[in-house]
Amino acid sequence: SIGRLPPDVQAALSTLSCFGASTHMTVIQVLEAGLDLRLKDSLEVAVTEGLLEKTDDTFQFSHDRVQEAAYNMLNSQDRRAEHTRYGFALCIHAMNGCNDSMLFTA
């Protein structure tokens with residue numbers, strides 16, 4: 001159950017859920033750098049708890065219900081704000097001459 005996890009792990013799962021079933025580590029690194037978030041360690045805890053699977057450089061929800069539960073921890077107004085915030089972080093990253101393929105992620 002996500003609700004029994006520490007708040008930082010819950011927040012990291014909510015962040016990851018905004019990107020769908022799986023997210024490449026590059027996106028996580030951009031969010032950490034651009035938004036001063038600490039996600040990776042919290043996501044590793046979620047892997048240990050069996051809520052995420054990590055293969056190569058990708059975190060993937062272990063089941064679509066887990067992703068749905070993490071996404072539903074945000075109310076609809078917060079979801080819109082978070083998607084916008086993440087989109088801007090990826091856009092700034094792309095505008096700085098980095099990987100512009102991330103623009104299709106948010």
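Just so we're clear, the structure is a prediction, and the values are computed from it rather than from any experiment.
Atom CG of L31 and atom CZ of F19 lie 4.5 Å apart (nearest 0.5 Å). Distance check: R85 CZ to T15 OG1 gives 7.0 Å after rounding to the nearest 0.5 Å. The distance from the CG atom of L16 to the CD atom of Q60 is 10.0 Å, given to the nearest 0.5 Å. Atom OG of S1 and atom CD of Q10 lie 8.0 Å apart (nearest 0.5 Å).
There is a side-chain donor-acceptor pair under 3.5 Å between N72 and R79.
The minimum heavy-atom distance between L39 and E32, with the atom names listed, is N-OE2, 2.9 Å. Across every non-hydrogen atom of K54 and D56, the tightest pair is CE-O, 3.8 Å. Minimum interatomic distance between L13 and A70 (heavy atoms only, all atoms of both residues): O-CB, 3.6 Å.
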Exercise for the section: Quick one: do F59 and S22 satisfy side-chain contact (heavy atoms from CB on, under 4.5 Å)? Show the steps, please. Expected result: CA-CA 6 Å; F59 283 98; S22 65; over 6 Å; no

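Considering only heavy atoms from C-beta on, I92 stays 4.5 Å or farther from V30 through its side chain. Side-chain contact between L43 and T23 is absent, with no heavy atoms from C-beta onward closer than 4.5 Å. Contact check for Q29 versus K40: no side-chain heavy atoms found under the 4.5 Å cut-off. Residues Y86 and L35 have side chains in contact (heavy-atom distance under 4.5 Å, counting atoms from C-beta outward). Taking the side chain as every heavy atom from C-beta outward, D78 and S14 never approach each other to under 4.5 Å. In this structure, the side chains of L52 and F61 come closer than 4.5 Å at one or more pairs of heavy atoms.
Of the candidates V45, I2, D41, V9 forms a side chain to side chain contact (heavy atoms under 4.5 Å, CB included) with just one, namely V45.
Residues passing the salt bridge (charged side-chain N to carboxylate O under 4.0 Å, His left out) test with R65: none are found, sequence neighbours excluded.
Criterion: ILVMFWY side-chain heavy atoms under 4.5 Å apart, direct or through other members. Under it, M73 and L37 are part of a common hydrophobic cluster.
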